Asks: 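Below is one structure. I have some questions about it.
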Amino acid sequence: MRHVLTRPDTALDAAAVSFENLGKSFPSRDGRYEQPVLTDVSFRVEPGEIVTVLGPSGCGKSTLLRAVGGLSAPTSGAVRIDDDVVSGIDPRCAVGFQEPRLLPWRTITKNVELGLPARTPSGTGRRRVAELLDLVGLTHHAGHRPGEVSGGMAQRASLARALARNPRVLLLDEPFGALDALTRIRMQDLLLQVHRADPTTVLMVTHDVEEALVLSDRVVVLTRETPTSPATVAEVLAPDLARPRSRDDTRLTAMRTHLLRLLGVER
Amino acid sequence: MSTHSTSGSTTLDEVTGEPLGGANASTVPAAEHEGSGPLPPRRRRAGSVPRTRLTVALLGLVLPVLLLLVWHLLSTNGFYSPVQLPQPSAVLGAGWELLRSGDLWVHVGISTQRVVVGFMLGSALGLAVGALVGLSPWARILAGPTVGALRAVPSLAWVPLLLLWIGIGENSKVTLVAIGAFFPVYTTVSAALQHVDGQIVEAARSFGIRGVRLFTTVQLPAVLPAVISGLRLALAQAWLFLVAAELLGSSMGLGFLLTDSQNNGRTDRLLLAIVLLAVLGKLTDALIGVFERWTQHRWGSAPAT
Ligand SMILES: Nc1ncnc2c1ncn2[C@@H]1O[C@H](COP(=O)(O)OP(=O)(O)O)[C@@H](O)[C@H]1O
Ligand SMILES: [Mg+2]
């Protein structure tokens with residue numbers, strides 16, 4: 001391997017994430033009642049695992065992830081990182097959002113720097129950012145601003161920013177959803193490579209069944225009875241296959257059909 | 001779809017498809033650069049609009065020279081009496097006269113000082129209060145209506161109170177100028193802050209950035225174009241309020257020069273004061289342009305909003 005992401009000296013052990021009867025509701029549009037979105041969600045992500053959350057659009061996947069990151073508090077139940085109940089933005093987590101969310105006036109390098117943990121010595125920080133930019137293949141665009149690079153590049157910069165935080169839990173919200181098919185596959189491979197070099201816990205949201213099957217140790221399927229009822233865990237599937245996996249492995253085909261049926265698509 | 005390479009020897013060039021230097025530096029994959037490729041630099045307006053700085057500056061002088069000519073004609077052909085409209089050369093002469101007596105610098109100096117001090121105070125306060133009201137829902141609920149009501153008072157209405165409270169000295173003039181500079185900055189900053197992209201703010205927060213650092217890293221750069229245009233308006237207001245303050249009671253300054261010249265029938269000096277106000281206004285505005293370029297250099301080009 002030509003580029004191995006060196007494990008930073010500050011590398012910390014991956015953390016476990018547990019959902020304990022998590023429920024979340026939002027005030028309805030007119031504010032007259034509470035609309036439940038998630039109910040009684042319980043599962044545990046072991047340290048170093050890659051777990052994907054799969055579910056139909058609008059079922060509360062982002063809401064679930066935001067609860068782990070401390071970006072919004074659950075209505076009932078709790079999320080724990082290792083043994084601590086999440087009660088605010090947690091320095092152990094880093095979020096890769098569905099959109100790149102880069103600061104448009106900063107260069108790619110400066111944007112990635114934003115992810116560095118507080119009080120990183122500047123020399124160490126520079127080296128780490130350069131290494132990450134190399135990893136995601138943006139070295140030659142380091143000085144560009146987000147508006148001057150393609151959507152795929154911006155998304156990679158966003159991933160690099162999350163990795164710069166050296167997180168014990170990496171939260172990814174449909175990070176590759178907006179990419180073209182080819183770039184998506186490259187990014188998935190990249191994620192696996194990063195994980196191999198530094199096996200942190202990855203909790204990733206997706207609505208792409210194939211992505212879930214190719215990447216994860218386990219797939220958590222969220223479903224709901226009707227589009228207005230709250231979602232909960234329907235099944236946890238463990239594709240017990242060594243990675244990297246071939247996308248046309250027949251064992252995956254069967255699981256794909258099964259997952260699609262769970263999500264209401266008959267084949 | 002493509003089969004994943006099964007060995008552990010995947011190179012990054014395969015993984016990301018990006019040129020990373022070295023042997024493969026020229027292999028750029030088609031997929032990423034088609035369609036969503038880097039945007040071309042913004043093109044200048046096409047056509048015959050002149051480009052070079054010098055031509056632009058010279059063309060900007062065409063109208064003033066024409067005005068000067070018309071002025072000269074009107075003042076020499078008997079259309080206006082010299083008291084109504086002195087010749088341009090008479091105005092120049094008045095300027096020379098004041099320059100030699102040293103009065104010119106006194107008037108220009110004191111007026112500029114009042115504007116600069118008042119503008120600095122007013123716009124700094126406008127930025128602070130605007131930031132508070134723009135960022136904190138509580139401040140917006142509690143203070144928003146009050147500041148809005150104060151803004152609705154025509155600012156010259158404060159003059160009698162200022163004279164009563166602060167007296168006729170420098171402080172009351174500077175205060176009036178500061179009031180004039182405060183509201184444009186307050187209004188633009190508080191409004192712009194409420195429209196900063198919440199997603200970017202949330203992303204920054206998720207990386208542990210908060211408080212003052214969140215303001216200086218995300219919110220302030222995001223509203224910078226609004227801040228600059230607020231400062232521009234504030235500066236114009238500052239000059240307006242300066243003249244008002246000096247017209248109403250002072251013994252120095254360009255506003256005083258205006259009333260004094262009017263009382264003594266010195267139309268040449270009156271016109272001189274107006275020309276000086278135009279020049280000073282333009283010069284101080286240019287300083288804001290310098291500040292704007294500095295901030296753009298510091299924070300990068302202003303975000304597209
Ligand atoms: N801040 C919010 N206020 C009100 N409703 C929200 C908020 N965030 C999400 N929702 C609602 O919760 C539901 C789930 O949203 P989300 O978690 O974004 O779904 P997903 O990511 O699975 O597409 C949606 O119906 C959405 O409208
Ligand atoms: Mg979502």
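Excluded from the calculations below are hydrogen atoms, water molecules and symmetry mates; all remaining heavy atoms, backbone and side chain alike, are included. Chain letters run A, B, ... following the sequence lines, proteins first and then strands; every chain starts at 1. Since the structure is predicted, the reported quantities are computational estimates derived from the model, not experimental observations.
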Asks: For chain B, which of A:Lys110, A:Arg243, A:Arg101 has the most heavy-atom pairs under 4.5 Å?
Replies: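 Option with the top pair count is A:Arg101.
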Asks: At their closest point, which heavy atom of B:Ile200 faces which heavy atom of A:Leu102, and how far apart are they?
Replies: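 Nearest pair, atom of B:Ile200 first, then A:Leu102: CD1-O, 3.9 Å.
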Asks: Considering only heavy atoms, which portion of A:Leu114 lies under 4.5 Å from any heavy atom of chain B: side chain, backbone, both, or neither?
Replies: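 Backbone plus side chain of A:Leu114, per the 4.5 Å heavy-atom cut-off to chain B.
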Asks: Is any side-chain heavy atom of A:Arg161 closer than 4.5 Å to a side-chain heavy atom of B:Phe207?
Replies: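 Yes, at least one pair of side-chain atoms sits under 4.5 Å.
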Asks: Counting only heavy atoms closer than 4.5 Å, note whether B:Arg210 contacts chain A via side chain, backbone, both or neither.
Replies: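 Contact with chain A involves no heavy atom of B:Arg210 at all.
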Asks: Rounded at 0.5 Å granularity, tell me how far CH2 in A:Trp105 sits from OG1 in B:Thr295.
Replies: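 The distance works out to 12.5 Å.
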Asks: Rounded to the nearest 0.5 Å, what separation is found between the CZ atom of B:Arg205 and the CG atom of A:Leu71?
Replies: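 So the gap between those two atoms works out to 6.0 Å.
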Asks: On a heavy-atom basis, which atom in B:Gly208 and which in A:Arg165 lie closest, and how many Å separate them?
Replies: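 Answer, listing the atom of B:Gly208 first, then A:Arg165: N-NH2, 4.0 Å.
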Asks: Tell me, for A:Glu99 versus chain B, whether the close heavy atoms (under 4.5 Å) come from the side chain, the backbone, both or neither.
Replies: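 It is the side chain, since no backbone atom gets that close.
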Asks: State whether the number of non-hydrogen atoms from other residues, nucleotides or ligands found under 6.0 Å of B:Phe291 atom CZ is greater than 12.
Replies: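 Result for CZ/B:Phe291: open.
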Asks: For B:Met120, is the CE atom crowded, meaning more than 12 foreign heavy atoms sit under 6.0 Å from it?
Replies: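 No, because the 6.0 Å sphere around CE of B:Met120 holds 12 heavy atoms or fewer from other groups.
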